[in-house]
Enquirer: 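This is the structure I want to talk about, given as structure tokens.
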Amino acid sequence: MGFILNEIPLPTGLKGDSLTPKQIELVVNAYLERGARPTLSPRPGIESRGDIYGRCRGQGFFNGAVYRVSADKLFKITLSALGELVFTDTGAVITGSNDCKLIASFTELFVMVKNGDAFVVDKSDTVTQVTSSNYQAARDCEFVNGRAVIVPYDGDPIRWSAFGDFLTWPAENFADAQLLPDKNYHLIRYHNSLLVGGGDTIEQLNYDGQRNVYIKTSNAAVEHGVVSDLVRFGERIVYIGKYNKGDLSIYMYGQEKPISSKYVDQILNKYTANELRDIQVDSFVWKGQPMVVWRLPEESLIYYGDFGIIKTGVSGDLKGNWLGQYIVSLEGRLLCGDNVSARAG
């Protein structure tokens, strides 16, 4: 083939296929369907539904529709009465070229351009740019307790908007999660709390509404540095991290030891933490099975309780990356984009 894939052994209880041993033993483009008769099934396929203007930079669900940033435009995706996808140009221009993260409340959609501007969409599809001098270009964002919360791209303390108003960012709304003097990189809502992932630790913060402050939860700090996005796997939180500035592994929040095997770690440690800091990570449910996909520079890792590699076959080879990303559910369908082309699937 001209290249070597790091081997990930078969899930416990399964044996290789003598007809295609190399393909099967590597668990490439497959995942284990559990049940009375566990079987290896093909990775989720993608059906093309047309092109939308330009490459996908991010998607999010709001007000019964999926909103997609394609190149510098914001599109609204809905379903027709016949179940066909309908793409509507909102007329808004989303500046920059970096990937975006979209989060929503009941009344507003927050569009964060990584290390760039931010925009707010209301239910009438009016799009307004955030112009507050207290807003900082961000790496990550989350909606919790009626507010948008961001992690500034330079690792500064987290900031949050006014209640129910993503356009207003009061100067006093900031907090740090410092067990150690590390930079902040990622965050996620965890029940009614926030998990803030830094370069060396994860802290759990709770909001005190009377004082408008976030307070660290006692004895909840985890000494794992966070590298990639914190994402949901069912009710749990998983992430690429590192312990005590060591090698990269995949962790589940609340567990001291990594969930990844040495084979998975070999793949991760081909890269530096900085190379994986802003990779796209998707969390979704496929046929009732929670899944997480990390899009690494040369391959995609999939976690579904076990691990596998997802590759896109090109002329019978396994070069190239799986195209599905920015995955969002719309009325039972999983919509995905492609960050190198205008394709929608």
Side-chain angles (χ1 to χ4, degrees), residues 60 62 100-122 128-232 235-239 241 251 253-254 277:
F62 170 62
C100 304
K101 186 168 182 179
L102 288 71
I103 59 172
S105 68
F106 290 112
T107 59
E108 294 180 316
L109 175 70
F110 184 70
V111 181
M112 181 205 80
V113 179
K114 287 189 177 182
N115 199 23
D117 295 326
F119 303 83
V120 177
V121 186
D122 66 19
T128 308
Q129 184 172 344
V130 176
T131 57
S132 170
S133 60
N134 299 314
Y135 179 80
Q136 292 178 255
R139 168 176 268 117
D140 204 354
C141 61
E142 180 63 289
F143 173 72
V144 62
N145 296 316
R147 300 160 178 84
V149 185
I150 62 166
V151 175
Y153 202 84
D154 60 9
D156 276 358
I158 64 171
R159 306 196 69 96
W160 60 94
S161 71
F163 179 81
D165 182 2
F166 293 168
L167 287 170
T168 303
W169 294 76
E172 65 274 15
N173 286 11
F174 69 92
D176 205 358
Q178 288 231 343
L179 174 66
L180 297 175
D182 54 343
K183 290 186 176 182
N184 298 315
Y185 289 117
H186 296 287
L187 80 170
I188 193 170
R189 184 178 67 255
Y190 183 62
H191 304 303
N192 260 345
S193 302
L194 268 180
L195 296 182
V196 180
D200 297 316
T201 60
I202 301 175
E203 291 272 13
Q204 184 174 338
L205 305 182
N206 288 305
Y207 183 71
D208 184 331
Q210 290 186 334
R211 293 188 290 165
N212 187 33
V213 295
Y214 274 96
I215 302 172
K216 289 191 293 185
T217 303
S218 299
N219 302 317
V222 176
E223 293 190 44
H224 296 158
V226 169
V227 173
S228 73
D229 281 349
L230 296 150
V231 296
R232 289 178 177 81
E235 297 296 318
R236 310 300 296 271
I237 305 295
V238 296
Y239 55 94
Y251 291 88
Y253 180 70
R277 188 77 66 196

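Values below: every heavy atom of this structure, side chains too, minus hydrogens, waters and symmetry copies. We number each residue from 1, following the sequence as shown.
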Enquirer: Angle class for the F166/F143 ring planes (parallel below 30°, perpendicular above 60°, tilted otherwise)?
Expert: perpendicular
Enquirer: For a quick test of reading the model, state the closest non-hydrogen atom pair linking D182 to G199 and the distance between them.
Expert: OD2-N, 3.2 Å
Enquirer: Quick one, V238 with V231, criterion side chain to side chain contact (heavy atoms under 4.5 Å, CB included). Give me CA distance, side-chain angles, the key distance, then yes/no.
Expert: CA-CA 6 Å; V238 296; V231 296; 3.8 Å; yes
Enquirer: To the nearest 0.5 Å, what is the distance between CZ (F110) and CD1 (I150)?
Expert: 6.5 Å
Enquirer: Do the side chains of V149 and Y207 get nearer than 4.5 Å, heavy atoms only?
Expert: no
Enquirer: Is there a side-chain contact between N206 and N192 (heavy atoms, below 4.5 Å)?
Expert: no
Enquirer: To the nearest 0.5 Å, what is the distance between OG1 on T107 and CG on D122?
Expert: 9.0 Å
Enquirer: Please lay out, stage by stage, how L102 and F62 fare under the test side chain to side chain contact (heavy atoms under 4.5 Å, CB included).
Expert: CA-CA 9 Å; L102 288 71; F62 170 62; over 6 Å; no
Enquirer: So, taking the atom named CD1 in I158 and the one named CG in D156, what distance separates them when rounded to the nearest 0.5 Å?
Expert: 12.0 Å
Enquirer: Is there a donor in the side chain of N212 and an acceptor in the side chain of N173, or the other way round, less than 3.5 Å apart?
Expert: yes
Enquirer: Working to the nearest 0.5 Å, report the span between CZ of R232 and CD1 of I237.
Expert: 5.0 Å
Enquirer: Closer than 3.5 angstrom, by distance alone: can the side chain of E108 be matched with the main-chain N or O of V120 as a donor-acceptor pair?
Expert: no
Enquirer: At their closest point, which heavy atom of Q210 faces which heavy atom of D208, and how far apart are they?
Expert: N-OD1, 3.1 Å
Enquirer: Minimum heavy-atom separation for E142 to R189, with atom names?
Expert: OE2-N, 2.9 Å
Enquirer: Could you tell me the separation between the CG atom of N134 and the OG atom of S161, rounded to the nearest 0.5 Å?
Expert: 12.0 Å
Enquirer: As a quick check of understanding, evaluate side chain to side chain contact (heavy atoms under 4.5 Å, CB included) for H224 and T201, giving each step before the final call.
Expert: CA-CA 5 Å; H224 296 158; T201 60; over 6 Å; no
Enquirer: For residues D140 and K101, determine if any side-chain heavy atom of one lies less than 4.5 Å from a side-chain heavy atom of the other.
Expert: yes
Enquirer: Report the residues that fulfil ring pair (Phe, Tyr, Trp, His ring centres under 6.0 Å) with Y153, sequence neighbours left out, ordered by chain and then residue number.
Expert: none
Enquirer: Could you walk me through whether I202 and Y239 pass the side chain to side chain contact (heavy atoms under 4.5 Å, CB included) check?
Expert: CA-CA 11 Å; I202 301 175; Y239 55 94; 3.4 Å; yes
Enquirer: Distance only, no hydrogens: is a donor on one side chain within 3.5 Å (strictly under) of an acceptor on the other, for Q204 and Y253?
Expert: yes
Enquirer: Any idea which heavy atoms bring A162 and P170 closest together, and the distance?
Expert: N-CD, 3.8 Å
Enquirer: For the CZ atom of R277 and the OG atom of S228, what is their distance to the nearest 0.5 Å?
Expert: 9.5 Å
Enquirer: Minimum heavy-atom separation for A148 to I103, with atom names?
Expert: CB-CD1, 4.3 Å
Enquirer: Is atom CD of E172 surrounded by more than 12 heavy atoms (other residues, nucleotides or ligands) closer than 6.0 Å?
Expert: yes
Enquirer: Is the shortest heavy-atom distance from the side chain of V226 to the side chain of Y251 under 4.5 Å?
Expert: no
Enquirer: Report yes if the side chains of R159 and Y135 come closer than 4.5 Å at any heavy-atom pair, otherwise no.
Expert: no
